[in-house]
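Here is the structure we will look at.
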Amino acid sequence: MRRLLLFLLPAVLGAALLAVLDAPAYATPPNIPSAATAASRLASLTVAAESHQSSYDRDLFPHWITISGSCNTRETVLKRDGTNVVTNSSCAATSGRWYSPYDGATWTAASDLDIDHMVPLAEAWASGAWAWTTSRRQTYANDLGGPELWAVTDNVNQSKSDKDPAEWQPPRAAFRCTYARAWIQVKWYYDLTVDSAEKSALTSMLNTC
């Protein structure tokens, strides 16, 4: 029996190692509330139609800014959300592994990833950020303290564009609960409004949790 166990042990360990290597590897942005907390925060948000869309300009949200040394916000998120990330002297990621939770894809080239604003800049603008100072908009666009910035597959991010959850949801259905919780947290933290269709979609997404 002991001889059999010794024979099987390397195979078991090898299988375990392969499972680890094949498993999705990513860091989740901080401060995503529970579904119950998210539901409570969604209920507290002001419901209002979006406005000021015609005056939106992406340049009104300065990004990416320097975070530390030579690393800007994009590069900081890539290091945070990847595994075994190697950077050069300019802080550009030269290798690593990233898992995109929106679609379940894994990438080994940073060029295949966009840094998505969970609540897009145009959506934030139309939900109240039009009244903010430029300084507050800069803080929002580079926020590493909450679940606003995500490293995701570039073409999935481009498909999302500036759409809210009534218009677009992650293709990976298993992530929609987390997506709704993160979206609500950003809107709640920054005291942004939601429109009625957006609130209804978020409620349905929370029901999948």
Side-chain angles (χ1 to χ4, degrees), residues 19-50 73 76-78 80-83 97-107 112-129 139-209:
V20 169
L21 291 174
D22 288 340
Y26 64 98
T28 301
N31 294 318
I32 300 174
S34 67
T37 298
S40 174
R41 290 176 178 173
L42 177 60
S44 74
L45 295 178
T46 299
V47 178
E50 295 179 358
T73 314
T76 301
V77 174
L78 287 172
R80 180 194 71 186
D81 291 359
T83 54
R97 185 167 173 263
W98 293 269
Y99 174 77
S100 169
Y102 289 11
D103 58 334
T106 298
W107 302 99
D112 288 317
L113 298 148
D114 281 352
I115 304 305
D116 177 48
H117 289 94
M118 171 57 64
V119 176
L121 303 182
E123 168 71 21
W125 176 267
S127 303
T139 296
Y140 178 88
N142 300 277
D143 185 3
L144 295 166
E148 168 66 344
L149 299 174
W150 296 73
V152 299
T153 303
D154 53 5
N155 59 11
V156 173
N157 181 52
Q158 290 151 23
S159 172
K160 172 184 173 178
S161 185
D162 59 2
K163 301 180 181 75
D164 73 23
E167 304 161 314
W168 186 93
Q169 295 180 18
R172 181 170 162 255
F175 187 68
R176 290 175 187 169
C177 164
T178 302
Y179 189 90
R181 289 156 49 209
W183 181 284
I184 291 164
Q185 174 64 18
V186 173
K187 285 254 170 154
W188 174 83
Y189 184 83
Y190 284 96
D191 196 24
L192 295 168
T193 62
V194 290
D195 63 42
S196 56
E198 174 190 355
K199 183 174 183 178
S200 177
L202 288 165
T203 300
S204 296
M205 294 170 80
L206 287 178
N207 288 336
T208 68
C209 295

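Here the CG atom belonging to D164 is positioned 4.5 Å from the CD atom belonging to E198, to the nearest 0.5 angstrom. Atom-to-atom distance recorded for I115:CD1 and L149:CG is 7.5 Å, nearest 0.5 angstrom.
Counting only heavy atoms from C-beta outward, the side chains of P171 and V156 approach each other to under 4.5 Å. Side-chain contact between M118 and Y179 is present, with at least one heavy-atom pair separated by less than 4.5 Å. At least one side-chain heavy atom of T153 sits less than 4.5 Å from a side-chain heavy atom of N155. Side-chain contact between P101 and R172: present, with at least one pair of heavy atoms (C-beta onward) separated by less than 4.5 Å.
Side-chain atoms of T203 come within 3.5 Å of backbone atoms of K199 as a donor-acceptor pair (strictly under, hydrogens ignored). Between the side chain of N157 and the backbone N or O of L113 there is no donor-acceptor pair closer than 3.5 Å.
Y140 and Y190 have perpendicular rings, their planes meeting at more than 60° on a 0 to 90° scale where under 30° would count as parallel. Using cut-offs of 30° and 60° for the angle between ring planes, the F175 and W150 rings count as perpendicular.
Take Y189 and apply the side chain to side chain contact (heavy atoms under 4.5 Å, CB included) test, not counting sequence neighbours, and it matches Q185. Evaluation of the side chain to side chain contact (heavy atoms under 4.5 Å, CB included) rule for D162 yields P120, A122 as partners, not counting sequence neighbours. The side chain to side chain contact (heavy atoms under 4.5 Å, CB included) check on A180 picks up L202, M205, L206, with sequence neighbours excluded.
Comment: E123 does not engage K160 in a salt bridge, judged by the lack of any side-chain N to carboxylate O separation of less than 4.0 angstrom.
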